[in-house]
Amino acid sequence: MRAIALCVLALGAMGPPAFADAPAPTVSVRSWTDAAGVQWTETTTVETGPETGEGANRLVGVAAQTADAGIARFGPFVVIDAAHAALVDATDAHSPARFAAMLRAFPAIRVLELVDCPGTYDDAANLRLGRMIRAHALTTDVPRGGSVRSGAVDLFVAGIIRHAAPDADFGVHAWQDDIGRGPGDFAADAPVNRAYLAYYHAMGMDLRTAAAFYALTNSAPNTGVRWLHTADIARFVPLR
């Protein structure tokens, strides 16, 4: 039995916002068996609150995860073999440095698998990481049964080549700052919104597609999650 977590990041004005104290978390549990016969148990905890450090976070479901040790581990990254690595946990302020260290140690890595990716504790660092993935021309791959949520969706679109299994799922929702404002509370061309449009454009989307994709990521309320399928993502970025 494998436990998975659902996690969604906070987006902020040219950097991550801090979060005010939130009500007590709500918890739900569900179980299912996938097409390969693997039983999954999902514990979802809706919880927000302040964190130490510079990076803000918004977590939807925090649960223990297990992952194969691989041949080396660099923070949330597991090296599978000389050419493949996997992202198996949330990213944080240290993740860009750990990613760089991984590539120094294993320069032949060409594929980053996104297996069970909950999001990020530091949005600004996560966007830097996405640009690094793009600059190193890595392929991003969501394997069968993979789950990519929140900030990890931004990392998936960073791949120079992107592949996602037909049963992969993607979770998104709107950001909210420390005083309760969301993307709709700012002008479309405000820096808080332009920062993400610029990121998606740098990931290969034209400006109209970047705007549409950003709208999609904000289409669920801050307290919820909108689940997307591989075909939904393929409307915005080419998949192989």
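Side chains are part of it too, since the values below use all heavy atoms of this structure and drop only hydrogens, waters and symmetry mates.
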* To do: Please check if the side chain of Tyr199 supplies one atom and the backbone of Asp154 the other of a donor-acceptor pair under 3.5 Å.
  => yes

* **Hydrophobic cluster identity match, Phe170 and Tyr196, side-chain contacts under 4.5 Å** => yes

* Any ring-ring contact (aromatic ring centres under 6.0 Å, His included) involving residues 78-98? Give me the pairs, sequence neighbours left out, ordered by first then second residue. => none

* Asked: For the residue pair Asp122 and Ala93, what are the closest heavy atoms and their distance?
  -> OD2-CB, 3.3 Å

* Val79 and Arg73: side chain to side chain contact (heavy atoms under 4.5 Å, CB included), yes or no, with the steps? -> CA-CA 6 Å; Val79 179; Arg73 181 144 188 176; over 6 Å; no

* Does the Thr120 side chain pair with the main chain of Asn126, one donor and one acceptor, at a distance under 3.5 Å? -> no

* Asked: Any donor and acceptor pair, going by atom type alone, linking the side chain of Asn193 with main-chain N or O of Ala187 inside 3.5 Å?
  -> yes

* Side-chain heavy-atom pair Thr230, Leu239 within 4.5 angstrom cut-off -> yes

* Indicate yes or no for a side-chain donor-acceptor contact from Arg226 to the backbone of Gly171 under 3.5 Å, with no hydrogens or angles considered. => no

* **For the student: nearest non-hydrogen atoms of Pro96 and Ala125, plus distance** => CG-O, 3.5 Å

* Structure fact -> What one should report as the nearest heavy-atom pair of Thr140 and Leu155 is CG2-O, 3.6 Å

* Where is the tightest heavy-atom contact between Val115 and Ala86, given as atom of each residue plus distance? -> CG2-CB, 4.0 Å

* Judged by atom type as modelled, is there a donor-acceptor pair below 3.5 Å linking the side chain of Arg240 to the main-chain atoms of Arg162? -> no

* Asked: Can you find a pair of side-chain heavy atoms, one from His201 and one from Leu207, that are under 4.5 Å apart?
  -> yes

* Hydrophobic cluster membership, Ile71 vs Phe74, 4.5 Å side-chain cutoff -> yes

* Would you check, one step at a time, whether the test side chain to side chain contact (heavy atoms under 4.5 Å, CB included) holds for Val237 with Tyr200? => CA-CA 10 Å; Val237 293; Tyr200 297 132; over 6 Å; no

* **Sequence-distant partners of Phe236, ring pair (Phe, Tyr, Trp, His ring centres under 6.0 Å), two or more places apart** => Phe213

* Asked: Do Val111 and Met102 share a hydrophobic cluster (ILVMFWY, side-chain heavy atoms under 4.5 Å, transitive)?
  -> no

* Asked: Under the 3.5 angstrom rule, does the side chain of Asn218 hit a backbone N or O of Ala215 as a donor-acceptor pair?
  -> no

* Phe156 and Cys117, any side-chain heavy atoms less than 4.5 Å apart -> no

* To do: Spell out, as yes or no, whether a donor-acceptor pair under 3.5 Å connects the side chain of Asp92 to the backbone of Tyr121.
  => no

* Do Asp169 and Ser147 meet the criterion of a side-chain donor-acceptor pair at a distance under 3.5 Å? -> yes

* Asked: If every non-hydrogen atom of Pro76 is compared with every non-hydrogen atom of Ala90, which pair is closest and at what distance?
  -> CB-O, 3.6 Å

* To do: Could you tell me whether a side-chain N or O of Thr217 sits under 3.5 Å from a main-chain N or O of Val172, the two making a donor and an acceptor?
  => no

* Honestly curious: do Ile133 and Ile80 fall in one hydrophobic cluster under the side-chain, below-4.5 Å linking rule? -> no

* Asked: Would His136 and Leu103 satisfy side chain to side chain contact (heavy atoms under 4.5 Å, CB included), going step by step from the backbone distance to the final call?
  -> CA-CA 9 Å; His136 284 85; Leu103 291 184; 3.4 Å; yes

* Report yes if some heavy atom in the side chain of Leu228 is under 4.5 Å from a heavy atom in the side chain of Leu216; otherwise report no. => yes

* Structure fact -> Heavy-atom nearest pair, Pro107 first then Arg104, reads CD-O, 3.7 Å

* Asked: Ignoring hydrogens and geometry, is there a side-chain-to-backbone donor-acceptor pair from Arg134 to Met203 under 3.5 Å?
  -> yes

* **Shared-cluster residues of Ile161, by chain and number - hydrophobic side chains joined below 4.5 Å** => Ile160

* Stepwise side chain to side chain contact (heavy atoms under 4.5 Å, CB included) check, Val88 with Phe77 -> CA-CA 6 Å; Val88 299; Phe77 302 101; over 6 Å; no

